[in-house]
Amino acid sequence: MHKGKLIAGGILAMAAVGVVVSAEDGAHATRIAPAHGTSLATTEAVPTSEASTFRLWVEQEGTATERAAARHVTRLTAHTGNQRVEIYTDWDSRFASRYSSQAGQIAAAYRAWQSGTGHAQVIVHASNGQAIATRRF
């Protein structure tokens with residue numbers, strides 16, 4: 001009986017700590033939820049890359065058109081020395097002209113996300129690296 005109480009206590013302690021591991025292809029890190037309050041665990045994803053962080057911010061703060069466009073962002077590279085930002089998408093370069101408006105929405109969302117950081121040149125690329133849109137802020 002004592003062993004059963006010990007095991008139950010261990011399970012309860014783990015639940016109180018609230019360790020949650022996201023199962024989304026390893027794209028997110030482990031998150032520890034606070035042990036106080038009514039919620040014992042959280043399913044909120046923790047981004048592990050700058051592109052993930054950007055997409056998450058746009059999902060929470062962006063306009064509907066920015067959210068739709070930002071879902072296509074696969075990689076984000078910021079070169080702080082020359083204030084150049086390159087954002088890569090999953091769009092096919094053969095149809096790049098179709099995406100120029102959405103690429104502009106991604107650039108505008110990036111500007112809002114990084115407001116107050118000074119001037120930057122944002123280049124949005126298709127999956128093969130072809131530039132679709134360039135915006136200077």
Side-chain angles (χ1 to χ4, degrees):
M1 188 62 138
H2 180 37
K3 187 176 182 179
K5 288 182 182 180
L6 186 60
I7 291 172
I11 292 171
L12 182 59
M14 287 175 52
V17 171
V19 177
V20 177
V21 177
S22 175
E24 295 182 12
D25 299 327
H28 301 290
T30 302
R31 172 148 185 161
I32 308 291
H36 60 283
T38 57
S39 176
L40 294 177
T42 181
T43 58
E44 184 178 317
V46 178
T48 58
S49 72
E50 197 166 12
S52 309
T53 304
F54 173 66
R55 284 192 308 267
L56 182 63
W57 182 88
V58 174
E59 280 297 320
Q60 295 172 352
E61 305 291 330
T63 65
T65 54
E66 289 172 345
R67 286 192 300 270
R71 290 183 186 117
H72 296 278
V73 172
T74 58
R75 189 175 70 191
L76 191 148
T77 310
H79 307 283
T80 55
N82 60 1
Q83 298 173 334
R84 181 177 170 160
V85 178
E86 298 189 63
I87 300 173
Y88 293 85
T89 64
D90 60 3
W91 292 323
D92 188 343
S93 63
R94 292 179 293 169
F95 306 107
S97 62
R98 290 184 186 174
Y99 304 116
S100 61
S101 176
Q102 290 178 324
Q105 291 295 322
I106 291 173
Y110 182 86
R111 179 182 184 198
W113 182 48
Q114 294 295 322
S115 63
T117 59
H119 300 285
Q121 177 182 13
V122 179
I123 305 166
V124 180
H125 297 274
S127 60
N128 73 343
Q130 177 184 351
I132 299 173
T134 301
R135 301 288 188 272
R136 289 177 177 81
F137 302 111

Out of curiosity, I87 CD1 to L76 CG, how far, rounded to the nearest 0.5 Å? 4.5 Å

Evaluate the side-chain proximity of Q114 to F137: yes if any heavy-atom separation is below 4.5 Å, no if none is. no

Nearest-0.5 Å distance that lies between atom CD in Q130 and atom NE2 in H125: 10.0 Å

Tightest non-hydrogen contact, residues F54 and I106, listed as CZ-O, 3.8 Å

Which heavy atom of R135 sits nearest to which heavy atom of G104, and what is that distance? NH2-CA, 3.5 Å

Does the side-chain contact (heavy atoms from CB on, under 4.5 Å) test come out yes or no for Q121 and V85, once each step is laid out? CA-CA 6 Å; Q121 177 182 13; V85 178; over 6 Å; no

Ring centres of Y110 and W113 under 6.0 Å apart? yes

So which heavy atom on A69 is nearest to which on Q102, and how close? CB-O, 3.5 Å

For A109 and W57 the tightest heavy-atom approach is O-CZ3, 3.7 Å

Is a salt bridge present between R75 and E86, judged by a nitrogen-to-oxygen distance below 4.0 Å? no

So how far is it from Q105 CD to H72 NE2, rounded to the nearest 0.5 Å? 12.5 Å

Where the side chain of S127 meets the backbone of T89, is there a donor-acceptor pair that is under 3.5 Å apart? no

Supply the atom-to-atom distance L56 CG to S49 OG, rounded to the nearest 0.5 angstrom. 10.5 Å

Given Q60 and V58, is the side-chain contact (heavy atoms from CB on, under 4.5 Å) satisfied, shown in steps? CA-CA 5 Å; Q60 295 172 352; V58 174; over 6 Å; no

Looking only at non-hydrogen atoms, find the nearest pair between A133 and A103 and report the distance. CB-CB, 3.6 Å

Quick check: are there more than 12 heavy atoms from other residues, nucleotides or ligands sitting under 6.0 Å from CZ of R111? no

Mark yes or no for whether R55, through its side chain, and V73, through its backbone, hold a donor-acceptor pair below 3.5 Å. yes

Sub-4.5 Å side-chain heavy-atom contact between E59 and R71: yes

In the structure I gave you, are the side-chain heavy atoms of I123 and R84 within less than 4.5 Å of one another anywhere? yes

